[in-house]
S.K.: 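First, the structure itself, so that you have it in front of you.
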Amino acid sequence: MASLGMREFLRDSGGFAVIDGGLATELERKGADLNDPLWSAKCLISTPNLIREVHLDYLEAGANIITTASYQATIQGFEAKGFSREESEALLKKSVEIGFEARDLYYEQHEECLSDGIENEKISKRRGILVAASVGSYGAYLADGSEYDGNYGDAVTLDTLKEFHRRRVQVLAESGADLIAFETIPNKLEAQAYAEILEEDNIKTPAWFSFNSKDGINVVSGDSLLECVAIADRSKKVLAVGINCTPPRFIHGLILSIQKVTTKPILVYPNSGETYDPDQKEWIPSTGVSDEDFVPYVCKWREDGASLIGGCCRTTPTTIKAIYKALS
């Protein structure tokens, strides 16, 4: 991926790529109990087979990019559960290995062959699939809802965040993942911390930066989206930038804002539009859009200039299938 680059991947994929949808909701639907500070990362310990099943469901739905179950997987979080440093790092790597297993299984089940026209030799035609190692924010580790407001308090500095994330990013970079997805970035400080880690540690795995917004103008902390995107734009390690875990109704305006600051490929994978209650740790029903309502947005986002489109919290393989069909 590093040598190929995101633009080449998109060109080879027909000009666009489909990102997968919500992981936790699907794991719960398959019977996982995620009432835990580790959230979906808990399944890396207890039910890795369920994670692989969800990845496969999204590949079957048409996704080109699957994000690993490492969003809330941190060395500090695993250590708090009694795991050693070595075991914690192994669980991070395991999240990427499960993604590879799902991709291999998908390829085995869908071995498409085309004639190359030379003595009717058969050549394999494989759609490009990337495994993106997910990195959630410091707020996701705190599991106190601060990933939705970006307010970490004055005690949390740039150095605090770099120290917190550094080894995790190194481990995921060493895992062989095609890219690192820095997701749901709630403030400018954390974006700066990620950019500095990528540069200082000379991380070879390319990355994307994805921010979240609750007003359609700024990131959730109130920091300027334009200033946040500018950090991603300046980093040679960041191949794409965009928005996730944000209501669909805001995406159009956010894409136009992002384009003022960068010419890098833009990714959008909003949530269903439902509202999350961090105190009750649950989604408020009937506040979102249905898959039928989600799809008309998709063609508009593509027209606006987004080239990587998928779903976040509460979206399903059905949503992703509809996105794939709309884009195709």
Side-chain angles (χ1 to χ4, degrees), residues 1-2 23-24 36-46 48 51 66-101 130-144 146-147 150 152-153 155-211 228 231-232 234-239 244:
M1 179 65 194
L23 179 65
D36 190 279
L38 290 175
W39 198 42
S40 55
K42 178 188 173 189
C43 293
L44 291 169
I45 302 162
S46 55
I51 300 171
I66 49 175
T67 48
T68 61
S70 50
Y71 176 81
Q72 213 143 311
T74 63
I75 293 166
Q76 297 88 337
F78 288 133
E79 286 179 337
K81 289 277 183 186
F83 290 92
S84 69
R85 171 60 60 108
E86 197 172 38
E87 289 167 333
S88 302
E89 292 185 3
L91 284 165
L92 277 173
K93 287 179 181 167
K94 186 176 180 180
S95 70
V96 177
E97 287 160 9
I98 293 168
F100 290 156
E101 287 167 13
L130 301 180
V131 175
S134 170
V135 173
S137 68
Y138 179 64
Y141 155 72
L142 296 176
D144 62 358
S146 58
E147 70 201 284
Y152 297 159
V156 176
T157 65
L158 182 67
D159 287 338
T160 311
L161 293 173
K162 283 163 70 173
E163 186 180 340
F164 175 79
H165 286 296
R166 191 180 299 276
R167 183 59 192 149
R168 177 196 195 188
V169 172
Q170 289 170 344
V171 170
L172 290 172
E174 291 160 7
S175 71
D178 297 304
L179 56 100
I180 301 173
F182 294 97
E183 306 189 276
T184 325
I185 308 172
N187 57 43
K188 186 179 169 183
L189 191 69
E190 199 146 25
Q192 188 64 41
Y194 291 146
E196 290 187 16
I197 290 170
L198 292 174
E199 196 59 45
E200 289 165 4
D201 294 3
N202 194 22
I203 299 296
K204 295 284 193 283
T205 309
W208 81 41
F209 278 18
S210 186
F211 300 91
C228 290
I231 291 169
R234 286 193 296 268
S235 173
K236 290 186 174 67
K237 312 279 186 181
V238 178
L239 298 191
N244 75 296

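Residue numbers start at 1 and run along the sequence shown.
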S.K.: Okay, side chain of D178, backbone of V131: is any donor-acceptor separation there less than 3.5 Å?
M.R.: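 A pair under 3.5 Å: yes.
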S.K.: Examine the side chains of E174 and Q170 and answer whether a donor and an acceptor come within less than 3.5 Å of each other.
M.R.: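 Side chains of E174 and Q170: no pair found under 3.5 Å.
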S.K.: Kindly indicate, with the supporting measurements, whether the criterion side chain to side chain contact (heavy atoms under 4.5 Å, CB included) is fulfilled by F78 and L38.
M.R.: CA-CA 8 Å; F78 288 133; L38 290 175; 3.9 Å; yes
S.K.: Considering non-hydrogen atoms only, spot the tightest contact between S46 and P48 and give its length.
M.R.: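 So the minimum-distance heavy-atom pair works out to C-CD, 3.6 Å.
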S.K.: Distance from I51 atom CD1 to I66 atom CD1, nearest 0.5 Å?
M.R.: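 I51 CD1 to I66 CD1: 11.5 Å, rounded to 0.5 Å.
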S.K.: Does the side chain of Y194 come within less than 4.5 Å of I180's, by heavy atoms?
M.R.: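 Answer no - side chains too far apart.
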S.K.: Do the rings of W39 and Y71 sit parallel, tilted or perpendicular, given the 30° and 60° boundaries?
M.R.: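 Perpendicular, since the angle between the ring planes exceeds 60°.
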S.K.: Between E183 and S137, is any pair of side-chain heavy atoms under 4.5 Å apart?
M.R.: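 The answer is no, as the side chains (C-beta and beyond) never meet within the 4.5 Å cut-off.
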S.K.: What heavy-atom pair brings S70 and A133 nearest, and what distance separates the two atoms?
M.R.: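 For S70 and A133, the tightest heavy-atom pair comes out as OG-C, 4.1 Å.
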S.K.: Return the minimal non-hydrogen interatomic distance between T205 and A173, and the atom names on each side.
M.R.: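 Scanning both residues, the minimum pair turns out to be OG1-O, 3.3 Å.
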S.K.: To the nearest 0.5 Å, how far apart are CD in Q72 and OH in Y141?
M.R.: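 With rounding to 0.5 Å, CD (Q72) is 11.0 Å from OH (Y141).
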S.K.: Is any side-chain heavy atom of E200 less than 4.5 Å from a side-chain heavy atom of K162?
M.R.: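 The answer is yes, as the side chains (C-beta and beyond) meet within the 4.5 Å cut-off.
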S.K.: With rounding to the nearest 0.5 Å, note down the distance linking CZ in F211 to OG1 in T184.
M.R.: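 The OG1 atom of T184 is 11.0 Å from CZ of F211, to the nearest 0.5 Å.
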S.K.: To the nearest 0.5 Å, what is the distance between CZ on R234 and CD on E199?
M.R.: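 Reported value, rounded in 0.5 Å steps: 12.0 Å.
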S.K.: Donor-acceptor check, side chain of S210 to backbone of N244, threshold 3.5 angstrom: yes or no?
M.R.: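 Answer holds: yes.
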S.K.: Do D144 side-chain atoms and S146 backbone N/O form a donor-acceptor pair below 3.5 Å?
M.R.: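 Yes, because the side chain of D144 sits within donor-acceptor range (under 3.5 Å) of the backbone of S146.
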S.K.: Can you tell me how far the CG atom of L92 sits from the CZ atom of R167, to the nearest 0.5 Å?
M.R.: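 Interatomic distance, L92 CG to R167 CZ, rounded to 0.5 Å: 9.5 Å.
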S.K.: Main chain of E190, side chain of Y138: is a donor-acceptor contact present, judged purely on distance under 3.5 Å?
M.R.: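 Flag not set: sc Y138 to bb E190 has no pair under 3.5 Å.
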S.K.: Quick one: does K204's side chain get under 4.5 Å of N202's, heavy atoms only?
M.R.: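 K204 vs N202: side chains touch.
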S.K.: Going through the distances and angles, do L130 and L179 end up as a side chain to side chain contact (heavy atoms under 4.5 Å, CB included)?
M.R.: CA-CA 8 Å; L130 301 180; L179 56 100; 3.6 Å; yes
S.K.: For A191 and I231, which heavy atoms make the closest approach, and how far apart are they?
M.R.: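 In terms of heavy atoms, the two residues are closest at O-CG2, 3.8 Å.
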S.K.: Set out, in order, the CA-CA distance, both residues' side-chain angles and the distance that settles side-chain hydrogen bond (donor to acceptor under 3.5 Å, both in side chains) for D159 and T157, then state yes or no.
M.R.: CA-CA 5 Å; D159 287 338; T157 65; 5.1 Å; no
S.K.: With a 4.5 Å limit on heavy-atom distance, are the side chains of T68 and I98 in contact?
M.R.: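 With C-beta onward as the side chain, the pair stays apart.
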S.K.: Taking atom CD1 of I185 and atom SG of C228, what is their separation to the nearest 0.5 Å?
M.R.: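 One finds 8.0 Å between CD1 of I185 and SG of C228.
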S.K.: Hey, are the side chains of N187 and Y152 touching, using non-hydrogen atoms and a 4.5 Å cut-off?
M.R.: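 Yes; the side chains approach each other to less than 4.5 Å.
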S.K.: Apply the test side chain to side chain contact (heavy atoms under 4.5 Å, CB included) to residues V169 and D201: give CA-CA distance (whole Å), side-chain angles for both, the deciding distance (0.1 Å), then the verdict.
M.R.: CA-CA 9 Å; V169 172; D201 294 3; over 6 Å; no
S.K.: So which heavy atom on H165 is nearest to which on I197, and how close?
M.R.: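 Looking at all heavy atoms of both residues, the shortest contact is CB-CD1, 3.8 Å.
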S.K.: If you look at every heavy atom in L172 and S95, which pair is closest and at what distance?
M.R.: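 So the two residues come closest at CD2-OG, 4.3 Å.
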S.K.: Salt bridge check: are E89 and R168 linked by an N-O gap of less than 4.0 Å?
M.R.: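 Salt bridge flag = no for R168 with E89.
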S.K.: Has Q76 got more than 12 heavy atoms of other residues, nucleotides or ligands less than 6.0 Å from its CD?
M.R.: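 It does: Q76 CD has more than 12 such atoms within range.
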S.K.: Got a sec, which residues hit side chain to side chain contact (heavy atoms under 4.5 Å, CB included) with E86, two or more places apart in sequence or on another chain?
M.R.: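 Scan of E86 (side chain to side chain contact (heavy atoms under 4.5 Å, CB included), adjacent residues dropped) gives S84.
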S.K.: Would you say K94's side chain and L44's backbone share a donor-acceptor pair under 3.5 angstrom?
M.R.: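 Indeed, once roles are kept as given, a pair shorter than 3.5 Å links the two residues.
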S.K.: With distance as the sole test, does D36 use its side chain to make a donor-acceptor pair with the main-chain N or O of K42 at under 3.5 Å?
M.R.: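 Side chain of D36 to backbone of K42, a donor-acceptor pair under 3.5 Å: no, none is there.
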